Amino acid sequence: MRHIFKKYSNVLPPYCSDSKILESCNKCLDSPCIGVCEENIIKKDSNGIYLDFKESGCSFCKKCAIACMENSFGLLDLTLGDKIVATIQINQSKCLAWQKTLCSYCLDVCDNKSIKFIGSLYPEVGESCTKCGMCKSVCPVDAIILKS
Ligand code: SF4
Ligand code: SF4
Ligand code: SF4
């Protein structure tokens, strides 16, 4: 149990707020959530499912939760809303804009308008962020830290 908790101090899928579900989730051999994810961000290893933002972020299409509900496990829960339980932070020493190089990829991709540039120069993430990870997937220098 301790091992699972340690591993999943990273990011769980949306509609899921507790790493304890992974004990049941791991018994789901088909993992239909992975196949239906339109952004291809749900991955699984020997410890269970997790989100990988290398290619994209979550569009909150709900397909993972619906697929899970249709499966006998039904662990993902749509009543939890369109958000991912995680923390987000911009690493200022890596961020191009904070280092005075023109960059606004994160701002441009955020449909939620959760990124503001302080004084038009320095990006910060606001309270409305859903932790979708879209900004992380487009940041050219991996300056966005998204973890639970
Ligand atoms: S809500 Fe959609 S995009 Fe987000 S993890 Fe689930 S299937 Fe993937
Ligand atoms: S995309 Fe990355 S490097 Fe560019 S402004 Fe945003 S956090 Fe900084
Ligand atoms: S700032 Fe938040 S809501 Fe906007 S793209 Fe990044 S993770 Fe998604």
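Everything quoted here is computed from the prediction, not taken from an experiment. As a basis for the values below, the full set of heavy atoms in this structure was taken, side chains included, without hydrogen atoms, waters or symmetry mates. Counting starts at 1 for both ligands and their atoms, in listed order.
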Give the atoms of ligand 3, by number and element, whose distance to some non-hydrogen atom of [X] is under 4.0 Å.
X      : result
Ile115 : 1 (S)
Gly133 : 7 (S), 8 (Fe)
Ile88  : 7 (S)

Can a donor-acceptor pair be found between the side chains of [X] and [Y] at a distance below 3.5 Å?
X      : Y      : value
Lys44  : Ser31  : yes
Lys100 : Tyr122 : yes
Ser137 : Glu55  : no

Check: [Y] and [X] side chains under 4.5 Å, non-hydrogen atoms:
X      : Y      : result
Cys135 : Cys110 : no
Cys139 : Val141 : yes
Tyr15  : Leu75  : no
Cys68  : Pro32  : no
Ile84  : Cys58  : yes
Ile145 : Ile88  : no
Thr87  : Ser148 : no

>> Give me the nearest non-hydrogen protein atom to atom 8 (Fe) of ligand 3 as residue plus atom name, then the distance to 0.1 Å.
In response: Cys132 SG, 2.3 Å
> Are there any protein N/O/S atoms under 2.8 Å from atom 2 (Fe) of ligand 1, and if so, which?
Replying inline: Cys61 SG
> In terms of heavy-atom contacts, does CG of Leu121 have more than 12 from other residues, nucleotides or ligands at under 6.0 Å?
Replying inline: yes
> Out of curiosity, does Ile49 fall in the hydrophobic cluster containing Val85 (side-chain heavy atoms, cut-off under 4.5 Å, transitive links)?
Replying inline: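 No.
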>> Only heavy atoms of Ile42, strictly under 4.0 Å: list the atoms of ligand 1 that pass.
In response: 5 (S)
> Should the proximity of Lys131 to ligand 3, defined as any heavy atom under 4.0 Å, be assigned to the side chain, the backbone, both, or neither?
Replying inline: backbone
>> Residue-level breakdown please: for Thr130 versus ligand 3, do any non-hydrogen atoms fall below 4.0 Å on the side chain, on the backbone, on both, or on neither?
In response: both
>> Suppose the cut-off is 2.8 Å; which protein N/O/S atoms would you list for atom 8 (Fe) of ligand 2?
In response: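 Atoms qualifying: Cys95 SG.
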> Got a sec, which pairs hit salt bridge (charged side-chain N to carboxylate O under 4.0 Å, His left out) with one end in residues 122-144, sequence neighbours left out?
Replying inline: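 Of all non-adjacent pairs touching residues 122-144, those that pass salt bridge (charged side-chain N to carboxylate O under 4.0 Å, His left out) are Lys136-Asp142.
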> Met134: which other cluster members, linking ILVMFWY side chains closer than 4.5 Å, directly or transitively?
Replying inline: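 Same cluster as Met134: Tyr105, Val109, Val138.
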>> Which option wins on minimum heavy-atom distance to atom 4 (Fe) of ligand 3: Ser137, Cys129, Cys110?
In response: Cys110
> Quick check: does Cys135 have an N/O/S atom under 2.8 Å of atom 6 (Fe) of ligand 3?
Replying inline: yes
